[in-house]
Amino acid sequence: NAGVTQTPKFQVLKTGQSMTLQCAQDMNHEYMSWYRQDPGMGLRLIHYSVGAGITDQGEVPNGYNVSRSTTEDFPLRLLSAAPSQTSVYFCASSYATGHGYTFGSGTRLTVV
Amino acid sequence: SQKIEQNSEALNIQEGKTATLTCNYTNYSPAYLQWYRQDPGRGPVFLLLIRENEKEKRKERLKVTFDTTLKQSLFHITASQPADSATYLCARGGYNKLIFGAGTRLAVHP
């Protein structure tokens, strides 16, 4: 049982490049979310999903896209990377609302 | 907007004492509050959930309270140990999403 798997663990991008952060869970969880974590600011919600085909914006969605074509996968796309998107990104999943979330180990992204 | 506020200053306590961390929320009461532990370089780990209609929840040495009048949750670790040193995050849940506070760093000294 792998839990929540995020790839890659580290990534350096140049300003303007695009990339996809991968997130997969094998727990058959309906709820999945993406967060970014910056020093002193805690976790901020980017996008979330309550099931395949359903996504919604969180607190800081600008510059990011998501899709949820399967229950297992929830990729996060950076359309045109900016230095302000330098952060640690966490994917998390949960069985349903009112349940604890399982987090991945994170992707450390640097945009230069 | 619905905010979660945690004391940004680190909490330093002596081993064996009870650590108490505070989480305050704004606006309406959330359906539930969750507490997580995060170690450096790792993802948060779920500890406890308490619902709006519950006053208190316990799990081993951990205790969480939910006071809708004060708009506050308290997180207690009794008989604290150096291994409890970490950052503890509070999150408010409802409307299918979870919003986190900035976290409070706890340091337990031998």
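So that the names make sense, note that chain A is the first sequence line, chain B the second, and so on, each numbered from 1. Source: prediction; values computed, not measured.
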* Structure fact -> Okay, B:Ile4 and chain A: the region with an atom under 4.5 Å from a heavy atom over there is neither

* Check whether any side-chain heavy atom of B:Ile77 sits under 4.5 Å from a side-chain heavy atom of B:Leu62, and report yes or no. => yes

* To the nearest 0.5 Å, what is the distance between CG (B:Leu49) and CZ (B:Phe66)? -> 9.5 Å

* Asked: Going through the checks in order, is the side chain to side chain contact (heavy atoms under 4.5 Å, CB included) test met by B:Leu33 and B:Val64?
  -> CA-CA 9 Å; B:Leu33 291 163; B:Val64 174; 6.0 Å; no

* Which bit of A:Leu45 comes within less than 4.5 Å of chain B, counting heavy atoms only: side chain, backbone, both or neither? -> side chain

Every donor-acceptor pair from chain B to chain A under 3.5 Å, please, each on its own line.
from: B:Tyr32; atom 1: OH; to: A:Thr97; atom 2: OG1; distance (Å): 3.3
from: B:Tyr32; atom 1: OH; to: A:Gly98; atom 2: N; distance (Å): 3.1
from: B:Gln34; atom 1: NE2; to: A:His99; atom 2: O; distance (Å): 3.0
from: B:Tyr36; atom 1: OH; to: A:Tyr101; atom 2: N; distance (Å): 2.9
from: B:Gln38; atom 1: OE1; to: A:Gln37; atom 2: NE2; distance (Å): 2.9
from: B:Gln38; atom 1: NE2; to: A:Gln37; atom 2: OE1; distance (Å): 3.0
from: B:Arg51; atom 1: NH2; to: A:Gly98; atom 2: O; distance (Å): 3.1
from: B:Asn96; atom 1: OD1; to: A:Tyr31; atom 2: OH; distance (Å): 2.8
from: B:Leu98; atom 1: O; to: A:Tyr35; atom 2: OH; distance (Å): 2.6

* Using the salt bridge (Lys or Arg N to Asp or Glu O under 4.0 Å) rule, collect all pairs that involve residues 69-86 of chain B, keeping only residues at least two apart or in two chains. => B:Arg61-B:Asp84

* Hey, could you give me the CD1/OG1 distance between B:Ile13 and B:Thr20, rounded to the nearest 0.5 Å? => 8.0 Å

* Structure fact -> Separation between CD (B:Gln72) and OG1 (B:Thr65), nearest 0.5 Å, reads 7.0 Å

* Is B:Glu60 atom CD crowded by more than 12 heavy atoms from other residues, nucleotides or ligands, each under 6.0 Å away? -> no

